[in-house]
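Take a look at the structure below.
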Protein chains: 2
Amino acid sequence: MVKMSDVARLAGVSTMTVSNVLNGRRSVNTEIRRRVLEAVKESGYVMNRSARTLRTGTTGVIGLAVPALHHAYFAELGGRVVAQAAQLGYRVTVEQTGAHVQGEIDAVALARTLEYDGLILSAIGIGPEEARFLNQSIPLVLLGEKLFEETVDHIAMPNSKGTRAATVHLASQGCKRIAWASSPAPVGETHNVVVDRLLGYRQGLADAGLSEDPGLRVPMDHLTMRDAAEGIRQMGKNGVEFDGVVAVTDAVALGIMRGLADLGLRVPQDVRVIGYDDIEQSEFSTPSLSTIAPDHEWMVSAALTLLTERIKDRSAPGRELVAPFRLITRESTS
Amino acid sequence: MVKMSDVARLAGVSTMTVSNVLNGRRSVNTEIRRRVLEAVKESGYVMNRSARTLRTGTTGVIGLAVPALHHAYFAELGGRVVAQAAQLGYRVTVEQTGAHVQGEIDAVALARTLEYDGLILSAIGIGPEEARFLNQSIPLVLLGEKLFEETVDHIAMPNSKGTRAATVHLASQGCKRIAWASSPAPVGETHNVVVDRLLGYRQGLADAGLSEDPGLRVPMDHLTMRDAAEGIRQMGKNGVEFDGVVAVTDAVALGIMRGLADLGLRVPQDVRVIGYDDIEQSEFSTPSLSTIAPDHEWMVSAALTLLTERIKDRSAPGRELVAPFRLITRESTS
DNA sequence: CTGAAAGCGCTAACAG
DNA sequence: CTGTTAGCGCTTTCAG
């Protein structure tokens, strides 16, 4: 492998001059600069990033930790982060945490080994203690989780506001018995996506003057299409009556619609369904799915802004930004 | 940051002994070993990987280059690669190539900077020349592309066999006018996914004793759900008659089903639809989608096996493995 | 079985 | 504007 000193020799200059030309750090005489660039091209030199990293302590790599890449929401998020980070000169390494708190901490433990300049953590089960711990190790931005923790940067989703709007929308379409489709709220967790979105559902029911019926919880263990489909089939077979379903995510909503089809119930005529996330599939499902659409590009852009600023200044106070959202109405509720 | 020499001092040994304990390279006295491990724990030491990389020339990172992470197929692939690579002690950096040949070459150019120990390239438009070039730079495994190029490892998909089986299946269900839904085969490319799958469709028609009708090509520019939906709507509005659609991917098939719903056509009563890939959504769409299901876990496992062997021996001849597949019949063709 | 010295390729800091 | 020196933290090599 040709190295910087080889290029320097070829161009008849010192290694530092090559470094300066390649990094644009100091101004270099135009003629020398030209000679250096020619030598680089001629020799096929590529920089050894490990050497630079060892010296500077920065890697140019951002870590993105998500529960599971194969979930459409996180895949779409990943695509956006990779693309936007590239614009900023960063590369992205994707970690899968498996939706466990331990996995999330592990992702950061990895990050501590100087692999990442910063980490975007799309957390599911993380609490304030963990967040504080993580934040000390590495520049960190939490994505999608609402924490009442002043020291950690995070981009919060409009969780309760979103499901509240979704629930009110169903009521405005005439639904009277609106079910909630989600895995159970984890015990003891107070500021979790599932908890917050459930809260919004309740507020929405209250806004619409509807009372909450515990029988209208779709039984499911995990936030998967499979569990959602099975859960709603179970409810249907048990003779529970409902005319609307608010789902905690679009994936769950798609599973619900699948299960309703199995029950012979029509969407939206018999049951209206609304999700949350606006994944790509929602626009093309049959029927197409109404949903709460947080502004994804904005979220990723904001997360990267917070992260790059945090990388520059580790001591600045933590900031919270809440993503804007829109209610998108499609066939499933019309 | 605490470093290896700090641990050594704390344990009262030399740096080399710490290195040996941590890497299990040489056998170390049990008592000393214990002291070292304790010192590691006490000091909170984590290794600086850049330093190791600089010294050893290996990174422990595998690159995965895919056209776009937000496509369900590549997202699922990415999840599997990340998970399986982790089992082997590798981490994965995801690159998005944007489905352009240049992007694919760029991904490898990056890899040359010693960032990756190897690269898995899920290629779309890559040809033999590019592949040969790439292969010289870095251990490389092509995924999903069939190349008649002896020197490059690749995991081929059963492209033409798959769509052939899909087409024959539609015919066996009584379809007489079977359309082909795909972006156009790129001019001049001979061994491209789209080309191979189209070939299989033709073979399938021949097997079934059906003649090919050029009017039964769904007009679409890109392999997106949107283009598929619009394309089939266009065909319908133009009065083209058809009773089956073979789609080049599941995403395209889902778009087709969306478009058929807009046309008021029922699946499978009026039109039967089959896809290729077996993405998760296909099981839960309404109607659920019949598809050609290559063995994904097998493919990833095989790709990683080839890659790790290639990393060990750069001079071994290239190997080609073809993934097994199954025809999965669901509601869309029954 | 353990240690000392050298050096991987780059850049910060200082010198000219 | 350009060059020299030193050293980032680890592992390879050689010596004990």
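All values below come from the heavy atoms of this structure, side chains included, with hydrogens, waters and symmetry mates left out. By convention in this document, chain letters (A, B, ...) are assigned in the order of the sequence lines, proteins followed by strands, and residues within each chain are numbered from 1.
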Roughly how many Å is it from CE in A/Met4 to P in C/dC8, rounded to a whole number? 15 Å
A/Ser19 side chain near C/dT11 phosphate (N/O to OP1/OP2, under 4.0 Å): yes
Short side-chain N/O contact to C/dC8 OP1/OP2 from A/Ser50, under 4.0 Å: no
For the residue pair A/Tyr73 and A/Glu280, confirm or rule out a side-chain donor-acceptor distance under 3.5 Å. no
Could you check how far CE of B/Met16 sits from P of C/dG3, rounded to whole Å? 10 Å
Out of D/dG3, D/dT11, C/dG3, minimum distance to the side chain of B/Thr17 belongs to C/dG3
Please determine whether a side-chain nitrogen or oxygen atom of B/Asn23 lies at a distance below 4.0 Å from atom OP1 or OP2 of D/dT11. yes
Please give, in whole Å, the distance from D/dG9 C1' to A/Arg55 CZ? 12 Å
Whole angstrom is fine here: how far is it from CZ in B/Arg49 over to C1' in C/dC8? 17 Å
Flag, side chain of A/His296 to backbone of A/Ile279, donor-acceptor distance under 3.5 Å: no
Can you tell me which nucleotide in C/dT2, D/dG9, C/dT11 comes closest to the side chain of B/Ile32? C/dT2
Can you tell me the distance, in whole Å, between the CG atom of B/Leu54 and the C1' atom of C/dG9? 6 Å
Go through it in stages, so that I can follow the logic: the residues are B/His154 and B/Glu320, the test is side-chain hydrogen bond (donor to acceptor under 3.5 Å, both in side chains), and I'd like the CA-CA distance, side-chain angles, deciding distance and then a yes or no. CA-CA 5 Å; B/His154 55 291; B/Glu320 168 182 326; 3.0 Å; yes
In whole Å, I'd like the distance from the CG atom of A/Asn20 to the C1' atom of C/dC14. 14 Å
May I have the distance from B/Arg9 (atom CZ) to C/dG3 (atom P), rounded to whole angstrom? 15 Å
Could you tell me how far apart A/Leu22 (CG) and C/dC10 (C1') are, to the nearest whole angstrom? 11 Å
Just by distance, no angles: are the side chains of A/Thr58 and A/Asp117 close enough, under 3.5 Å, to form a donor-acceptor pair? no
Using OP1 and OP2 only, check whether a side-chain N or O of A/Ser5 sits under 4.0 Å from C/dC10. no
Quick one: salt bridge (charged side-chain N to carboxylate O under 4.0 Å, His left out) partners of B/Arg80, sequence neighbours excluded? B/Glu297
Establish, from distance only, whether the side-chain atoms of B/Thr93 and A/Thr93 form a donor-acceptor pair under 3.5 Å. yes
Quantify the bending of the helix from C/dC1-D/dG16 to C/dG16-D/dC1 as the angle between its end axes, each fitted on five pairs, to 10°. 30°
Does B/Ala51 or B/Val28 map to a spot on DNA chain C nearer the 5' end, using the closest nucleotide for each? B/Val28
Would you please confirm or rule out a distance under 4.0 Å between OP1 or OP2 of D/dT2 and any side-chain N or O of A/Ser14? no
Hits for side chain to side chain contact (heavy atoms under 4.5 Å, CB included) against A/Leu37, two or more places apart or cross-chain, chain-then-number order -> A/Val21, A/Leu22, A/Arg33
